[in-house]
Amino acid sequence: MKPTHIPFNKPYLSGHELLYIQEAIQAGHLSGNGQFTKRCQHYFEQNYHIHKALLTTSATAALEMAALLLRLQPGDEVIIPSFTFTSTANAFVLRGARIVFADSSPEHPNIDVSQLESLITPRTRAIVPVHYAGVSCDMGAIVSLAERFNLAVIEDAAQAIESFYQGRPLGSLGQLAAFSFHETKNLIAGEGGLLAINNLEFAPRAEIIWEKGTNRAAFFRGEAAKYQWVDVGSSFLPSELNAAYLWAQLEQKQRILEQRRQQWQRYYKAFEEIAARGFVELPYIPSYAQPNWHIFYLVCRNLQERQQLIQHLAEQNILAVFHYQTLHGSPFYQPHHDGRILPNAHKYATRLVRLPLYFELSEDDQLRVIGVVLDYFTRLRKTSS
Ligand SMILES: *Cc1c(COP(=O)(O)O)cnc(C)c1O
């Protein structure tokens, strides 16, 4: 008989989601920008030093808003890590921008800042750091480089709610930032996201783009005499039902984080020995980063061992998964890439594996995962010695 299934992820449920959704229904306001939306936005502005927060239907939508706000022209260049989700790049490709892909660091999957300056040209408009696994990029170096060359910094903070750079909240360090509440993230709304606006100049236009190119939000605040079409825009607002769900999650943030921290650290301790023997690399957390324990990963020595480990776990009914394929090598973008080889992006694309990590993962189940991983490496050691 197969042992019980351990999934890779399970959406967290606080227990108050239905209550708040019911409240939203009773309030008779189901479209966007109602009481729950305002509460969630206020929460982000208060807790994460964000000048203005706008709830969106996804982080993808928030990144698309950021690209619109930059008024990118075809041919403008945007520097993006190759090891990331398609949305990070798509948002800018949709505006006609050329993507200049940057490599990951040798120590961690985040963008390698030592190579950034060499990628800047007179056409460069923005750098988009992605805080992989909720671990901060080297924002000090990125922001000072951007200031020197007059570039925008757009943080892809999709995975980085409640993560910090030297004590400063991620999402508050770039001119603009995107968060995600997709069901795979730490705090969820089913689908959902948030645009953080830290540069005051973007705020009025952001609200217009958010509301289909109209001045609706200003009109309802009594700041405009007429409600009309004033700029480009789209439908970026989520329904109040999603915002109500998210509110129930935000209330439980500390509990979720504490549970994930314990699980993450249990994995880390359990694998220190195989790391010391050189079988795997463990996540590296730079001293400037305070993470939110979003992902626990191992980096295997090669693709073959990673696939064997995933297979070995699958045989015990445990789902472990790899992550992004490089974007510079993707079928869509490879023909447009300038040909530079990005060895570290390739390393994480071929060798990284993520282990189950979610609120309801019991200690017993986690110990089972650890046992099966260690068993794989014990066998490997025997066959290779
Ligand atoms: C999840 C994720 C996204 C997309 O978020 P959605 O809310 O699903 O659009 C973008 N970038 C990164 C790094 C992500 O992890």
Side-chain angles (χ1 to χ4, degrees), residues 8-9 11-12 32 37 40 44 53-68 78-94 99 101-102 104-105 108-111 126-137 139 142 153-163 170-171 173-174 176-196 210 234-239 242-243 245-246 249-250 260 283 289 291-297 321-328 330 333 345 348-349 352 354 357-358:
F8 169 67
N9 180 52
Y12 172 74
T37 299
C40 293
F44 272 76
L54 292 176
L55 219 53
T56 58
T57 48
S58 62
T60 303
L63 288 163
E64 287 175 16
M65 286 183 70
L68 280 164
V78 179
I79 300 173
I80 291 177
S82 179
F83 186 75
T84 184
F85 191 58
T86 55
S87 296
T88 320
N90 256 332
F92 301 94
V93 169
L94 281 168
I99 309 303
F101 284 111
S104 297
S105 158
H108 53 69
N110 283 342
I111 199 161
I127 304 173
V128 188
V130 178
H131 307 297
Y132 184 75
V135 179
S136 178
C137 294
M139 292 306 288
I142 292 168
V153 174
I154 314 294
E155 294 177 75
D156 183 338
Q159 304 177 7
I161 299 165
E162 195 72 21
S163 293
L170 298 189
L173 301 158
L176 299 162
F179 289 101
S180 174
F181 311 116
H182 185 266
E183 75 161 33
T184 51
K185 306 299 201 270
N186 285 11
L187 295 157
I188 64 177
E191 299 271 3
L194 183 137
L195 177 70
W210 190 54
S234 189
S235 181
F236 289 116
L237 293 79
S239 145
N242 289 73
Y245 193 104
L246 178 61
Q249 300 261 316
L250 291 175
R260 297 185 79 99
N292 64 358
W293 325 108
H294 176 55
I295 291 171
F296 186 88
Y297 64 83
V321 291
F322 53 84
H323 214 172
Y324 311 123
Q325 300 305 294
T326 62
L327 293 185
H328 75 282
S330 63
Y333 218 82
Y348 297 109
L352 181 146
R354 296 174 291 161
L357 184 69
Y358 50 90

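Every number for a ligand or one of its atoms is a count from 1 in the order of the listing.
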Proximity flag F83 to ligand 1, non-hydrogen atoms under 4.0 Å: no

Shortest protein contact, atom 15 (O) of ligand 1 (heavy atom only): Q159 NE2, 2.8 Å

Side chain, backbone, both or neither: the part of F179 lying under 4.0 Å from ligand 1 by heavy atom: neither

Between CZ on residue F236 and OG1 on residue T56, distance to nearest 0.5 Å: 8.5 Å

Nearest-contact summary for atom 7 (O) of ligand 1 - protein heavy atom, Å: S180 OG, 2.7 Å

Atom pair OG (S234) and CG (L68), whose distance is rounded to the nearest 0.5 Å: 8.5 Å

Protein heavy atom at shortest distance from atom 14 (C) of ligand 1: A158 CB, 3.4 Å

Those atoms of ligand 1 less than 4.0 Å from some heavy atom in K185: 1 (C), 2 (C), 14 (C), 15 (O)

Numbered atoms and elements of ligand 1 in range of H182, under 4.0 angstrom, heavy atoms: 8 (O)

Side-chain heavy-atom pair S105, N110 within 4.5 angstrom cut-off: no

Nearest-contact summary for atom 9 (O) of ligand 1 - protein heavy atom, Å: T60 OG1, 2.5 Å

Mutual orientation of the aromatic rings belonging to F44 and F181 [parallel < 30°, tilted 30-60°, perpendicular > 60°]: perpendicular

Polar side-chain atom of N186 near backbone of Q159 as donor-acceptor pair, under 3.5 Å: no

For atom 11 (N) of ligand 1, the protein heavy atom that lies nearest, with its residue and separation: D156 OD2, 2.8 Å

Parallel, tilted or perpendicular, as decided by the 30° and 60° cut-offs, for the rings of F101 and H328: tilted

Y358 atom OH: more than 12 heavy-atom contacts under 6.0 Å: yes

Contacting atoms of ligand 1, where contact means under 4.0 angstrom from a heavy atom of G192: 7 (O)

S58, portion touching ligand 1 at heavy-atom distance under 4.0 Å: both

Residue part near ligand 1, for V130, under 4.0 Å between non-hydrogen atoms: side chain

CG on L63 to CZ on F92, rounded to 0.5 Å: 6.0 Å

